[in-house]
Amino acid sequence: MKHITFYLDFVSPYAWLAFERLPEALAGLSYSVAYRPVLLGALLQQHANPGPAGIAPKRDWTYRHVTWLGHAQGTPLQMPLRHPFNPLPLLRQALACSDDGFVNRFVAGTVLRHVWQGGRDALDPERLAALAAELAEQIRPGQDVNSAEPKALLRANTEAAQAAGVFGVPAFVVDRKVFWGLDALPMLRAYLEGDAWFDGPDWDAAPRTPSGLPPVAR
């Protein structure tokens, strides 16, 4: 059995699509999944990446694309009232349900549906209170969205993701290999099935390809 760490941020529509697609994409294989919330903004900032929402035409395309992808794969997806938004309250709420930085599929799915179904404001105070109530049985004693422990877990998760080479979400890490994005699920399946390609030179050769661009000034 292979162990997969699924890094996600609830602000990402692709994380929602991948969350819903994952069981079907890996059907019939022996694996386990651990869901680990991270702060996408910190991953992007590390590489001076503005993200899709930071480039106006790409933002428009991304919202059209994910809405179509939801339609195509049969996953309900409506853009929230405002996007992007600060996901910290949602990340900390999820991690108030954790002892070790990982959340179960119920918690991850509950928060993702809060954002990506219904087209409402993800940070509306009444809705956040309702979300906390929905997760009440999962929340650890003495913890809430404002507690120190969820904040520390989020920081540790994000640092662990950076150390693992994760640069965006959704990302799936197995055997120290990073598979990024919804469209990486077929590649992830091939790896889990033992595709001989992964024993060849191509995976390790990729980072050694010289860049023809000048270094970016920082």
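Residues: numbered from 1 along the sequence shown.
For Phe85, the ring-ring contact (aromatic ring centres under 6.0 Å, His included) partners are His83, not counting sequence neighbours. Glu126 meets the salt bridge (charged side-chain N to carboxylate O under 4.0 Å, His left out) test with no other residue; sequence neighbours excluded. With sequence neighbours left out, the side-chain contact (heavy atoms from CB on, under 4.5 Å) criterion links Lys151 to Arg92. Every residue meeting the side-chain contact (heavy atoms from CB on, under 4.5 Å) condition with Ser30, not counting sequence neighbours, appears here in chain and number order: Met1.
When all heavy atoms of Leu182 and Leu69 are compared, the closest pair comes out as CD2-CD1, 4.0 Å. Considering every non-hydrogen atom in both Ser98 and Leu153, the closest pair reads O-CD1, 3.7 Å.
Pairs engaging residues 158-174 under the salt bridge (Lys or Arg N to Asp or Glu O under 4.0 Å) rule: none recorded [sequence neighbours left out]. Listed by first then second residue, pairs satisfying side-chain hydrogen bond (donor to acceptor under 3.5 Å, both in side chains) with a partner in residues 6-20 read Tyr14-His65, not counting sequence neighbours.
Under a hydrophobic-cluster definition in which Ile, Leu, Val, Met, Phe, Trp and Tyr are linked whenever side-chain heavy atoms come within less than 4.5 Å, directly or via other members, Met79 and Leu81 are assigned to different clusters.
Classification of the Trp197-Trp203 ring pair by plane angle, with boundaries at 30° and 60°, yields perpendicular.
Within 6.0 Å of atom NE2 in His71, 12 or fewer heavy atoms from other residues, nucleotides or ligands are found, so the atom counts as exposed in its surroundings. Remark: Lys177 NZ is packed, more than 12 non-hydrogen atoms of other residues, nucleotides or ligands lying under 6.0 Å away.
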